[in-house]
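Below: the structure, in structure tokens.
The sequence lines fix the lettering, A, B, ..., with proteins before strands; numbering per chain opens at 1.
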Number of protein chains: 2
Amino acid sequence: MSDLREKIIQTSLELFDRHGFHGVTVKQIVQQTNTSKGGFYHHFQSKDELLFVIHDTFITYVLKEAQAANVTHSSPIPKVQAIIQSFVQVFDLYKPHISVFYQESLYLKPAYEEEIKGKRDEFKRMVFNVIDEGQKSGHFRKELPLEITGMAILGMVNWIYKWYRRDGTYTIDQIAEVFTDLVLHFLLPGKEDSEYFRHMLKVPFFYESE
Amino acid sequence: MSDLREKIIQTSLELFDRHGFHGVTVKQIVQQTNTSKGGFYHHFQSKDELLFVIHDTFITYVLKEAQAANVTHSSPIPKVQAIIQSFVQVFDLYKPHISVFYQESLYLKPAYEEEIKGKRDEFKRMVFNVIDEGQKSGHFRKELPLEITGMAILGMVNWIYKWYRRDGTYTIDQIAEVFTDLVLHFLLPGKEDSEYFRHMLKVPFFYESE
DNA sequence: TAAAACAGACCAACCAGTCGGTCTTTATTT
DNA sequence: AAATAAAGACCGACTGGTTGGTCTGTTTTA
């Protein structure tokens, strides 16, 4: 057993993160890893398979974490907390994977793309489910349209890959805390709407008017 | 004066949106536009310049809108509303531009990249400013860390390009309404925290404890 | 000693960009 | 108004460099 395969993946991750999938040649990967074309193609069928492997390790991990969070908690509120927390933390563990995931997925070959899409949809479904449960059980504001709210949450978290730095002002755990706070503040039914409405020009379309 | 230039941009937008910048050749652009290499290179110095033009038209527009919203309102709450609304609406007007903007900016040549970065930072600065003003004037929750909150807002909005479809369930205006609602719900100081804290395992790090 | 792991020269395909030339529009002169 | 000149718009065969991938062989491991 050799660890060349892992070394190739790590090198590629760095390079892809900085220059993008198409900005890096197999030759560069091979040189930076101190190996050869032969070494590379012994472990990977193609450059495209390497791209797939990177996608797959990340999404598989995220999916597993979400499932775990789903199982260990039963009430929607701790569920949301757990999912957001583990999801945010992933960006510290897998930052380069994620950059590649969101920047280069367009270039996955159809067969690979399908497999990734399946897992990604599964994850999305789980997040939406938790919100839905919470709305039905009365823990969360019922007036919020599920799809828009769900995508808002996914968006704010996913975007982390664009700005997060390990040496930044805040740790990943602090970011997770703030994000959880933000999400719960708009999910939980809160203060009397009257105060909120004072600032509104009109009642939003999705508020039940009776 | 000819309109070939515009036609080339439109075709490129479609193709880039579907296959990415590197998934489309100049030959393809030229064929789809019913022109020739000569026609293309008469209007653009290079493929990279085309990429820049696409980036620039979008970010310039967004910046102008934000500045307008900033000028027409003075209080932070309507300002936030106006900025979010115009920002979200952009995704209907410039969807293909934005896809290219967020997927391919890595491949901008240094000189181009710098110019775009300047405008993008300027926009970000404006958004952060509005939040900051609101916090200082007491309209918004002071405990929220500016950077994290700001990036959360930018993230949820920016992510729209990944999922928005014109023929989707909700119009862009409805999405803007919901997003504004979400943002204001976590920005505005609300109900007594006690109810919220009941659900928390601990007091978040960013709440002043005295 | 056989199979797996790796080396590196080589190739065919592709692609951004060029260049000499043509057609079309506009400006200038007669 | 006609003739001429000049500039702008557009054409498409061609090229030089690059790139993913192959193939034959050598070394290492089990």
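Aromatic ring orientation, B:Y161 versus B:W159: perpendicular (interplanar angle above 60°, classes split at 30° and 60°). By the 30° and 60° cut-offs, the orientation of the rings of A:F52 relative to A:Y112 is parallel.
Rounded to the nearest 0.5 Å, atoms CD (B:E177) and NZ (A:K202) are 3.5 Å apart.
Spacing between atom NZ of B:K109 and atom P of C:dA16 amounts to 11 Å, rounded to whole angstrom units. The distance from atom CG of B:L4 to atom C1' of C:dC23 is 15 Å, rounded to the nearest whole Å. Look at OH on B:Y41: it is 13 Å from C1' on D:dT15, rounded to the nearest Å. Here D:dA9 presents its C1' atom at 14 Å from NZ of B:K7, a figure rounded to the nearest Å. The distance between atom OH of B:Y107 and atom C1' of C:dC15, rounded to the nearest whole Å, is 16 Å.
The side chain of B:K47 places an N or O atom within less than 4.0 Å of a non-bridging phosphate oxygen (OP1 or OP2) of C:dA16. Taking 4.0 angstrom as the limit, A:S36 places none of its side-chain polar atoms (N or O) nearer than this to OP1 or OP2 of C:dG8. The phosphate of C:dA7 has OP1 or OP2 within less than 4.0 Å of a side-chain N or O from A:T35. Dashed line: the shortest gap from a side-chain N or O of A:H42 to OP1 or OP2 of C:dA5 is under 4.0 Å.
Distance from the side chain of B:S46 is smallest for C:dG17 among the nucleotides D:dG20, C:dC15, C:dG17. Nearest nucleotide to the B:K37 side chain, out of D:dG21, D:dT19, C:dT18: C:dT18. For B:H43, taking side-chain heavy atoms from C-beta onward, the closest of the listed nucleotides D:dC10, C:dA5, D:dG21 is D:dC10. The side chain of B:D48 approaches C:dG17 more closely than any other nucleotide in the set C:dC6, D:dG21, C:dG17.
Projected onto DNA chain D by closest heavy-atom contact, A:G38 and A:K27 fall at different nucleotides, the more 5' of which corresponds to A:K27.
Taking the six-membered ring wherever Trp is involved, the centroid distance between the rings of B:F91 and B:Y164 does not fall below 6.0 Å.
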